[in-house]
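Reviewing the structure listed below.
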Amino acid sequence: MDTNQNSIAELVELLLRTVVNTESQEIEVRADLRINTAELDTEDDFSFKVGFKRVWLKLERTGVAITPGGRHGEPMKANNLAIEQTTSCETLLEREASAHASATTKVSASSMQAEADLNIGVDAKGSAKERKTVSTKTSESTPHIRVKARPSEQWEVSETQGALDGTYLNNDLLCRVVAMDRANSLSVELCALAKQKDLVLDVTHNGAKFKFLSNTQEKMLKILIGKALSAAGSRHAGTITFSRSESEIEK
Amino acid sequence: MRNDTTLQESISSKVLQLAGRFLRHEETNFVKLAQYLQLDPKVDFRDSDLTGVDLSNSNLAGYDFSGADLRGATGVGVTWDKTTSFDNAETEDSIFSHYLEHEKFRLENPDVVAEAERLVRGHWCNAILSVADSLNRKAGPNRSAVWIAKTVFNESRSLTVRSNVLYFMSQVSDNPEQHRAFIYDVLNRNRAEVAIVKSALRTLTALYARDLGAVNIMAAYLEHHDASVRNAALRGVLTSPYFLRSSDKILRYVISCNDSMLRRQYLGRIARGLGTEFSAAVTDPVTRNFIDFAAPITQRDLEKRAEAVERHKKYMTMIANAPRTGPNLEGSLKVDEKVIQDRVESYRHALERLKTQFKIPFVLVD
């Protein structure tokens with residue numbers, strides 16, 4: 001049986017369901033997660049737009065263990081990493097005063113081997129110095145994973161910038177679990193929470209962006225709102241728990 | 001946990017009224033703001049975002065900043081003690097980073113601690129020479145040497161030792177963030193020692209005028225009781241590309257200090273930042289100094305300055321065109337009246353802009 005509690009569904013809605021696969025005996029843990037920004041209005045024409053830049057999903061389980069290898073949003077690092085090495089040659093020509101010298105250099109480089117074609121024509125006294133540089137470049141492109149699996153059976157939900165706003169899980173499979181031997185009861189609980197430092201707050205007054213007296217004033221207001229949100233969810237200082245979903249799994 | 005309330009329903013009207021009053025409350029002190037909002041220091045600042053806050057003149061004893069983001073938090077006259085918690089807090093480039101780094105090093109290196117204590121207890125001359133020797137640039141300072149120097153600075157009661165150590169340390173820094181953190185800590189702990197404060201401000205000016213945190217710290221010293229400290233701070237702020245962020249504060253200080261040179265310096269700094277036409281509008285071409293904005297400016301003053309500039313321009317053109325035979329000066333340096341008036345008009349425009357945008361109280365007399 002699934003129980004979903006969302007203290008401020010307007011901001012964060014989490015829905016959990018478990019689906020038993022009778023063949024493999026694995027239980028699929030699936031979730032919906034919707035995150036929004038919302039507005040608060042005061043009597044004196046202030047408006048606070050509240051959002052979060054990071055939300056955490058925390059899984060707790062009783063009587064079940066997570067099946068390896070199937071967690072949603074696992075940020076796997078590629079085992080092979082391409083390294084490009086470039087070798088380049090420069091030739092500096094030093095010439096004496098009143099002498100005329102011309103020089104052309106052609107340099108080409110390929111990975112692992114350097115070739116330098118040099119053609120220097122000097123019709124006056126001069127000397128050439130060769131300088132060789134080797135540079136190694138490693139590049140790896142890493143896509144941003146919005147719902148990223150983290151240690152301690154957590155998932156981090158974030159965007160590259162700005163507040164979270166949208167559907168991040170739509171009946172997606174978070175993980176699979178199996179019943180542990182001799183477990184009396186089987187259940188999973190999923191919480192959605194945020195730290196107050198991840199609160200995003202935009203303040204307007206009479207429709208215009210409000211100019212804070214100081215950075216400190218802005219940060220203090222965020223703490224006040226974060227504290228008020230925290231009281232709505234749970235009593236944990238500094239952490240705001242928005243949602244708690246529990247699913248009891250029948251054996 | 002309540003269930004399925006809207007955001008508006010979940011926050012009480014009492015909190016919203018408090019928020020509204022708070023936004024109109026003109027207080028900047030961190031502790032007083034926390035008291036106004038009835039925030040509990042033991043609980044409500046955990047995991048909070050306090051990046052870049054000004055903690056000036058705040059006693060943070062008993063505050064729990066566990067997990068908080070305190071990067072860039074600065075201030076003067078900030079105090080804290082063992083009851084202040086920084087567990088898992090981010091404190092880079094803040095007023096706390098030196099202290100926390102120092103305490104961590106102390107716990108991990110008891111032998112270095114013993115050496116530092118020996119120097120502090122010993123003769124002042126030996127302390128200075130030992131620190132100078134260990135920070136010797138040729139040999140290259142090591143982390144222990146830098147730590148010992150900082151400890152000797154913090155714990156010595158001798159002003160001579162401390163001034164010398166601060167000087168040596170400015171030659172050698174472990175890394176810019178740590179060095180800045182050390183200077184902030186020096187300023188915070190030694191706010192009553194004018195010589196040390198000035199020395200620290202000069203170091204910030206010389207090395208970190210491009211750092212916004214350093215500029216905020218220097219701006220805070222514009223209100224110091226000692227005039228020489230205020231001037232050192234002003235010099236530092238004016239050197240920085242961020243000085244415009246503190247322009248209101250600087251202007252208030254410059255106006256109140258009754259110092260003509262500072263007024264000129266301030267005006268010149270703003271005008272240079274805006275461009276050559278502004279610099280020209282506020283420069284006396286005869287003395288080549290920036291003008292004092294407290295002195296009245298008449299139409300005749302503007303015309304004389306405009307004429308001097310145009311005449312000089314004409315002369316330079318003539319010199320450039322007649323290198324061998326010399327310029328023919330007879331009657332040829334006269335400047336057309338229209339040219340003078342055009343320049344006067346551009347000066348007036350520049351002065352108006354400076355007055356409107358930067359609130360410089362020029363006294364323009366027709």
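For clarity, every value in this text was computed on a predicted model and none was experimentally measured. Proteins get letters first, then strands, A, B, ... in listed order; numbering begins at 1 in each.
- When A:Val203, A:Ile225, A:Leu221 are compared by the number of non-hydrogen pairs under 4.5 Å with chain B, A:Leu221 comes out ahead.
- Atom CZ of B:Arg21 is surrounded by more than 12 heavy atoms from other residues, nucleotides or ligands within 6.0 Å.
- Within 6.0 Å of CG on B:Asn88 lie no more than 12 heavy atoms contributed by other residues, nucleotides or ligands.
- Looking at B:Thr51, both its backbone and its side chain come within 4.5 Å of chain A, counting heavy atoms on both sides.
- Using a 3.5 Å distance cut-off with no hydrogens or angles, the side chains of A:Lys219 and B:Ser48 do not pair a donor with an acceptor.
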Determine, step by step, whether B:Leu16 and A:Phe48 satisfy the side-chain contact (heavy atoms from CB on, under 4.5 Å) criterion, reporting the C-alpha distance in whole Å, the side-chain angles of both residues, the deciding distance to 0.1 Å, and the verdict. CA-CA 10 Å; B:Leu16 293 177; A:Phe48 305 136; 4.2 Å; yes

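- With a threshold of 4.5 angstrom between heavy atoms, A:Glu39 approaches chain B through N, CA, C or O but not through any side-chain atom.
- Residues of residues 155-164 of chain A lying under 4.5 angstrom from chain B, judged on non-hydrogen atoms, do not exist here.
- Rounding to the nearest 0.5 Å gives a distance of 9.0 Å between CG of B:Asp54 and CG of A:Asn215.
- The structure places CG of B:Asp47 at 7.0 Å from CD of A:Gln196, a figure rounded to the nearest 0.5 Å.
- Within the 4.5 angstrom heavy-atom criterion, atoms from both the backbone and the side chain of B:Leu23 approach chain A.
- Using a 4.5 Å cut-off between heavy atoms, A:Asp45 makes no contact with chain B at all.
- For A:Leu11, the part lying near chain B is the side chain, with the backbone staying farther off; criterion is any non-hydrogen pair under 4.5 Å.
- Minimum interatomic distance between B:Gln8 and A:Leu40 (heavy atoms only, all atoms of both residues): OE1-CA, 3.4 Å.
- Applying the 6.0 Å contact sphere to CZ of A:Arg54 captures more than 12 heavy atoms from other residues, nucleotides or ligands.
- Between A:Ser230 atom OG and B:Arg46 atom CZ the span is 10.5 Å, to the nearest 0.5 Å.
- Note on A:Lys197 versus B:Asp69: no salt bridge recorded, every NZ/NE/NH1/NH2 to OD/OE distance being 4.0 Å or above.
- Using a 4.5 Å cut-off between heavy atoms, B:Ala73 does not touch chain A at all.
- Counting heavy atoms of neighbouring residues, nucleotides and ligands inside a 6.0 Å radius, atom NZ of B:Lys32 does not exceed 12 of them.
- Rounding to the nearest 0.5 Å places CD1 of A:Ile8 at 8.5 Å from OG1 of B:Thr6.
- To the nearest 0.5 Å, atoms CZ (B:Arg24) and CG (A:Leu213) are separated by 13.5 Å.
- Note that CG of B:Leu50 is 4.5 Å distant from CD1 of A:Ile223, once rounded to the nearest 0.5 Å.
- A donor-acceptor pair under 3.5 Å is absent between the side-chain atoms of A:Thr42 and the main chain of B:Gln17, judged by distance alone.
- In this structure, chain B has heavy atoms under 4.5 Å from both the backbone and the side chain of A:Gln217.
- Remark: B:Tyr36 engages B:His25 in a ring pair (Phe, Tyr, Trp, His ring centres under 6.0 Å) (not counting sequence neighbours).
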side-chain contact (heavy atoms from CB on, under 4.5 Å), that's the test. Do A:Val50 and B:Leu7 meet it? Break it down for me. CA-CA 9 Å; A:Val50 177; B:Leu7 183 61; 3.9 Å; yes

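- Side chains of A:Leu199 and B:Asp49 form no contact here, defined as non-hydrogen atoms less than 4.5 Å apart.
- When all heavy atoms of A:Asp44 and B:Gly20 are compared, the closest pair comes out as OD2-CA, 3.7 Å.
- Here the side chains of B:Leu37 and A:Lys227 are not in contact, with every heavy-atom distance at 4.5 Å or above.
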